[in-house]
Asks: 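Please see the structure below; I have some questions.
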2 protein chains.
Amino acid sequence: MTNTPAASLLDDVDRALIVAIQTDGRATLAKLAETIQLSVSATRTRLRSLEEHGVIGDYRARVEPEALGYTLRAIVRMKVHGSLYDKVTAILASQPQIVRCLRVTGESCYVMEIVATGMSDLEQITSELSRVGSITTDLVYEMVVDRPIPL
Amino acid sequence: MTNTPAASLLDDVDRALIVAIQTDGRATLAKLAETIQLSVSATRTRLRSLEEHGVIGDYRARVEPEALGYTLRAIVRMKVHGSLYDKVTAILASQPQIVRCLRVTGESCYVMEIVATGMSDLEQITSELSRVGSITTDLVYEMVVDRPIPL
DNA sequence: GATGAAAAAGAGGCCTG
DNA sequence: CAGGCCTCTTTTTCATC
């Protein structure tokens with residue numbers, strides 16, 4: 001991964017491209033070129049550059065978790081002693097159903113998002129976590145908003 | 001949006017396709033077809049069907065928020081009286097920097113994720129929220145994990 | 001599975017700072 | 001002169017039958 005001071009090197013055209021590809025990750029170069037008012041090849045050059053510099057990480061389809069059998073989603077906050085961070089890392093590696101994990105300031109050290117096929121499935125994962133730190137689990141009723149980063 | 005009992009109608013091939021496209025959202029049909037061991041046209045048919053049934057919602061590039069000038073990310077938990085949900089909806093509509101919002105069980109009613117250009121930017125958004133309910137704000141040090149939903 | 005259409009990748013030259 | 005862009009050509013991928 002080529003490191004770059006990111007933001008500073010980007011001009012308005014780059015930013016427009018980022019917003020476009022964020023909104024439609026499967027847009028063709030021709031479409032992207034049209035929305036940012038550039039030739040197809042210039043668009044391709046910029047897109048590759050953004051990818052190579054890690055500004056654009058990867059591309060994903062957003063999927064209804066129910067389709068894969070996950071009927072439950074939970075937010076787990078976790079308070080851990082710093083000496084146990086390694087154990088957390090190990091759990092994260094072994095539990096792909098922990099789809100998101102942020103290290104944060106404040107009362108909790110970590111905030112995680114977990115998908116599960118049912119309560120017993122969830123309980124199995126959370127019990128593993130609670131061996132390392134103290135946790136609070138909230139079930140998700142509804143994903144109200146989930147949108148790209150704005151310009 | 002065409003509604004479907006989702007999960008029940010999917011076979012293993014569909015699930016494999018979902019995982020593939022989730023991991024590489026820009027993969028060509030040929031690539032997808034190869035990974036799921038199917039002809040290109042059959043792959044296309046299945047993909048369209050998944051899209052039309054809303055199993056696959058949309059495609060996005062994942063972007064380094066810093067590239068768009070957002071140096072800060074925060075998790076905000078919010079406790080609101082049910083009669084004020086409309087006000088929350090209004091704020092969500094007017095604040096695109098709230099990139100994620102989940103309605104949850106437990107002490108908080110909502111958990112949100114906010115991107116901001118700096119502390120004063122963040123403060124402006126959170127102060128708006130705190131007019132509607134009581135909030136707790138945690139800053140994000142690090143995104144430890146952010147991965148697709150597993151099979 | 002074959003065919004015409006579309007998109008992506010590559011090559012070379014032009015314009016501007 | 002370098003960097004970025006454009007146009008033209010070839011190869012790959014897509015869609016329809």
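These values consider heavy atoms only, across backbone and side chains, with no hydrogens, waters or symmetry-generated copies. Keep in mind that what you see is a predicted model, and the values were worked out from it rather than measured. Every chain is numbered from 1 and lettered A, B, ... according to where its sequence line falls, protein lines coming before strand lines.
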Asks: Atom CZ of A/Arg48 to atom C1' of D/dC5: distance rounded to whole Å?
Replies: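 After rounding, the gap between these two atoms is 16 Å.
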Asks: Which nucleotide in the set D/dA15, C/dG10, C/dA8 lies at the smallest distance from any side-chain heavy atom of B/Leu29?
Replies: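 Nearest to the side chain of B/Leu29 among the choices is D/dA15.
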Asks: Out of C/dA8, C/dG10, C/dG1, which nucleotide sits closest to the side chain of B/Ser41?
Replies: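 Closest of the options to the side chain of B/Ser41: C/dG1.
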Asks: Okay, side chain of A/Tyr70, backbone of B/Pro150: is any donor-acceptor separation there less than 3.5 Å?
Replies: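 Yes, A/Tyr70 side chain to B/Pro150 backbone: donor-acceptor pair under 3.5 Å.
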Asks: Determine, for A/Asp146 against A/Arg62, whether the closest basic-nitrogen to carboxylate-oxygen distance falls under 4.0 angstrom.
Replies: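 Yes, A/Asp146 and A/Arg62 are salt-bridged.
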Asks: Might you confirm whether atom CD of B/Glu142 has over 12 heavy atoms from other residues, nucleotides or ligands at distances under 6.0 Å?
Replies: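 Counting other residues, nucleotides and ligands, CD of B/Glu142 exceeds 12 neighbours.
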Asks: Under 6.0 Å between ring centres, would you say that holds for B/Tyr110 and B/Tyr85?
Replies: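 For B/Tyr110 and B/Tyr85, the ring centres are under 6.0 Å apart.
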Asks: Under 4.0 angstrom, heavy atoms only, what part of the nucleic acid is B/Thr28 near: base, sugar-phosphate, or nothing?
Replies: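 Counting heavy atoms under 4.0 Å across all strands, the contact made by B/Thr28 is with sugar-phosphate only.
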Asks: Both A/Thr43 and B/Ala30 contact DNA chain D. Which one's nearest nucleotide lies toward the 5' end?
Replies: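 Final value for this comparison: A/Thr43.
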Asks: Rounded to the nearest angstrom, tell me the gap between atom CZ in A/Arg44 and atom P in C/dA11.
Replies: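 Checked: the CZ to P distance equals 10 Å.
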Asks: Using atom CG of A/Leu47 as one end and atom P of D/dG4 as the other, report the distance to the nearest whole Å.
Replies: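 Atom-to-atom, A/Leu47 to D/dG4, this comes out as 15 Å.
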Asks: I need the CG-P distance between A/Asp11 and D/dC5, as an integer number of Å.
Replies: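 It is 8 Å, rounded to the nearest whole Å.
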Asks: Using whole Å, report how far CG of A/Asp14 lies from C1' of D/dG3.
Replies: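 Distance check: A/Asp14 CG to D/dG3 C1' gives 14 Å.
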Asks: Nearest-Å distance, CD (B/Glu51) to P (D/dC14)?
Replies: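 To the nearest whole Å, that distance equals 13 Å.
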Asks: Any salt bridge linking B/Asp24 with B/Arg26? Criterion: basic side-chain nitrogen under 4.0 Å from a carboxylate oxygen.
Replies: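 Not counted as a salt bridge, because no side-chain N and carboxylate O are separated by less than 4.0 Å.
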Asks: Rounded off to whole Å, could you give me the CG-to-P distance for the A/Asp24 and C/dA7 pair?
Replies: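 After rounding, the reported distance stands at 13 Å.
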Asks: From NZ of B/Lys31 over to P of D/dT13, roughly how many Å is that when rounded to an integer?
Replies: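 Atom-to-atom, B/Lys31 to D/dT13, this comes out as 7 Å.
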Asks: According to a strict under-4.0 Å criterion, is A/Arg46 in side-chain N/O contact with OP1 or OP2 of D/dC5?
Replies: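 True: A/Arg46 side-chain N/O within range (under 4.0 Å) of D/dC5 OP1/OP2.
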Asks: Among C/dA9, D/dA15, D/dC6, which is the nearest nucleotide to the side chain of A/Leu38?
Replies: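 Ranking C/dA9, D/dA15, D/dC6 by closest atom to the A/Leu38 side chain puts D/dC6 first.
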